[in-house]
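Bear in mind the structure is a predicted one, so any value in this text is a computation, not a measurement. Throughout, numbering of the chain's residues begins at 1 and tracks the sequence. Numbering of ligands and ligand atoms starts at 1, following listing order.
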Amino acid sequence: MNKSPSAIPKNIIRPLAIITLICLALSSCGGPAASGVYDGIFITGSDAEMTGQMTAMDTFMTVSVRGGGVTADELRQCMELVPDIESRLSVTLPESEISAVNAAKGKTTAVSDMTRDIISRSLEMSAMTDGAFDITAYPLVRAWGFTAGEYRVPGEDEIESLLGLVGWEKLSLDGGGVTLPEGGMIDLGAIAKGYAGDILRDALADAGAVSALLSLGGNIVCIGSKPDGSKWRVAIRDPQDLSSYIGYVDICDTSVVTSGGYERQFTGDDGKTYWHIIDPSTGYPARSGVISSTVISEDGATADALSTALFVMGVEKAAGLRREYGSFEYILVTDDGGLVVSEGISHAFTPYGEREVVIAR
Ligand code: AMP
Ligand code: MG
């Protein structure tokens, strides 16, 4: 067990805030905004530090390229990839490929290579997490009202019948396309931003960026390190006090993705809080004891899918998964305010305040 240093001096937290206020304060998905709110890319700055901003995938995104390497036009072209990805993968845009899959009533839907690839990756993540991550949970997500923002607590019978449609093994992906059972539906909301971040990162790197920080609605992706060679410092929000942080990680060339119940939740007539991450085995919002889960991985799609999965799986299963697969690190906050940090990232994580950190091995 590690005891955190007493309060982090304000002069450390302040530069932290510069990056993280861009990356995280704007990161919460908030309520389900209308999908497809893309009204162009706004680029500011100079060659030494150029920033692009846009709203896409229901969230605010910024790309900050440091130390040159790409022109403003190249930055714009790279960022334009994201609304294109969204137009294929969105569950709410009626003309998207995912909407076509969800309207297919048991028939096979032909999809593009990109959509096939992300669905295939999703199935791999389901197998890896024993179904804690499952894109076929969408009928449940919808029944709880998290898509339209019309929140409700479904009855037990309704959940029972929807559970019959859920299960990643019911989805078939072959040469012809995607087939779901009639009534089955998918939603890539727990992996799409991570996937888009990987594509954007690769495009920027190909264009010549060697130092950049990307924030796609709180999914942080970094290329290289800062121009002075120091690491990027990414703060992780405190799920119990959204104006504060649990600590920060110093990273380079990796992705950091957080899933938190606070991003989208409501209080039912019964006074209980229900959030948007559903346990596909019960049909109810996940109650694993984890209230925020951050995953660090070189692969952003993996980090995104696993941040959702670990929220469902809880502390013990998260440790088991990492022991088995190893390609990721994590920081979990439990409902008693505890921090559990996986061994491989513990050296790069600095907790804020008096928090105790349990290292998971
Ligand atoms: P994230 O913020 O990445 O954790 O993704 C949460 C979103 O993914 C939710 O708003 C749902 O659309 C969807 N979702 C909820 N529960 C699951 C689950 N167990 N597996 C996959 N997607 C889920
Ligand atoms: Mg996710």
Side-chain angles (χ1 to χ4, degrees), residues 24 27-33 35 57-59 86 89-92 98 102 118-119 121-149 151 159 162-163 165-169 171 184-198 216-221 237 239 255-266 274-288 290-297 299-314 317-318 328 330 332-333:
L24 294 180
S27 72
S28 165
C29 303
S35 224
M57 300 180 100
D58 291 350
T59 195
E86 177 182 18
L89 303 183
S90 166
V91 76
T92 48
I98 298 308
N102 288 347
I118 189 171
I119 292 175
R121 297 282 303 279
S122 297
L123 296 177
E124 282 168 27
M125 299 314 289
S126 293
M128 176 178 171
T129 62
D130 202 14
F133 174 88
D134 189 340
I135 58 173
T136 71
Y138 186 55
L140 293 161
V141 173
R142 211 167 70 130
W144 283 90
F146 288 113
T147 311
Y151 304 125
I159 288 184
L162 292 175
L163 279 171
L165 299 169
V166 173
W168 60 279
E169 283 147 320
L171 186 159
M185 287 191 273
I186 57 171
D187 154 33
L188 299 166
I191 187 170
K193 276 188 287 178
Y195 187 83
D198 288 341
L216 289 78
N219 284 25
I220 306 299
V221 186
R237 180 172 275 167
S255 290
V256 182
V257 180
T258 299
S259 287
Y262 57 83
E263 285 169 5
R264 207 170 288 180
Q265 57 174 235
F266 69 96
Y274 297 99
W275 47 58
H276 64 134
I277 299 174
I278 305 291
D279 181 343
S281 69
T282 65
Y284 285 82
R287 300 243 182 256
S288 65
V290 169
I291 56 170
S292 156
S293 125
T294 297
V295 171
I296 299 107
S297 170
D299 184 76
T302 300
D304 198 353
L306 289 183
S307 71
T308 310
L310 298 194
F311 192 98
V312 174
M313 294 169 81
K317 286 184 181 167
F328 67 97
Y330 61 79
L332 306 177
V333 184

Which of Leu123, Ile191, Val312, Asp304 passes side chain to side chain contact (heavy atoms under 4.5 Å, CB included) with Phe133? Answer is Ile191

Any idea how Phe311 and Trp275 line up, ring-wise: parallel (<30°), tilted (30 to 60°), or perpendicular (>60°)? perpendicular

Under 4.0 Å from a heavy atom of Phe133: give me the atoms of ligand 1 that qualify, with their elements. 20 (N), 21 (C)

If the contact criterion is a heavy-atom separation under 4.0 Å, does Ala132 count as touching ligand 1? yes

Can you list the residues that meet the side chain to side chain donor-acceptor pair (under 3.5 Å) rule with Ser292, with sequence neighbours excluded? none

Any salt bridge between Asp198 and Lys193, counting N to O under 4.0 Å? no

Here's one to test your reading of the geometry: is the NZ or CZ of Arg264 within 45 degrees of the ring axis of Trp144 and under 6.0 Å from its centre? no

Has Asn102 got a side-chain atom pairing as donor or acceptor with Ile186's backbone, closer than 3.5 angstrom? yes

Just let me know how Asp187 lines up against ligand 1, side chain, backbone, both or neither, with a heavy-atom cut-off below 4.0 Å. side chain

List for me each residue that meets ring pair (Phe, Tyr, Trp, His ring centres under 6.0 Å) alongside Trp168, sequence neighbours excluded, and say none if there are none. none

With a 4.0 Å cut-off on heavy atoms, does Phe146 reach ligand 1? no

Using a 4.0 Å heavy-atom cut-off, which part of Ala137 comes near ligand 1: side chain, backbone, both, or neither? neither

Which ligand 1 atoms, with their elements, are less than 4.0 angstrom from a heavy-atom of Thr308? 1 (P), 3 (O), 4 (O), 5 (O)

Backbone or side-chain N or O of Arg264 under 3.5 Å from ligand 1 N or O: no

Taking atom CZ of Arg142 as the centre, does the number of heavy atoms from other residues, nucleotides or ligands within less than 6.0 Å exceed 12? no

I need the contact type for Glu263 against ligand 1. Using non-hydrogen atoms and a strict under-4.0 Å cut-off, is it side chain, backbone, both or neither? side chain

If only protein N, O or S atoms under 2.8 Å count, total around the Mg ion (ligand 2): 4

All salt bridge (charged side-chain N to carboxylate O under 4.0 Å, His left out) counterparts of Asp279, not counting sequence neighbours: none

Tell me whether the centres of the aromatic rings in Tyr274 and Tyr151 are closer together than 6.0 Å. no

Side-chain donor-acceptor pair under 3.5 Å between Asp299 and Ser297, yes or no? no

Mode of Pro280 contact toward ligand 1 - side chain, backbone, both, neither (heavy atoms, under 4.0 Å): side chain

Under 4.0 Å from a heavy atom of Asp304: give me the atoms of ligand 1 that qualify, with their elements. 3 (O)

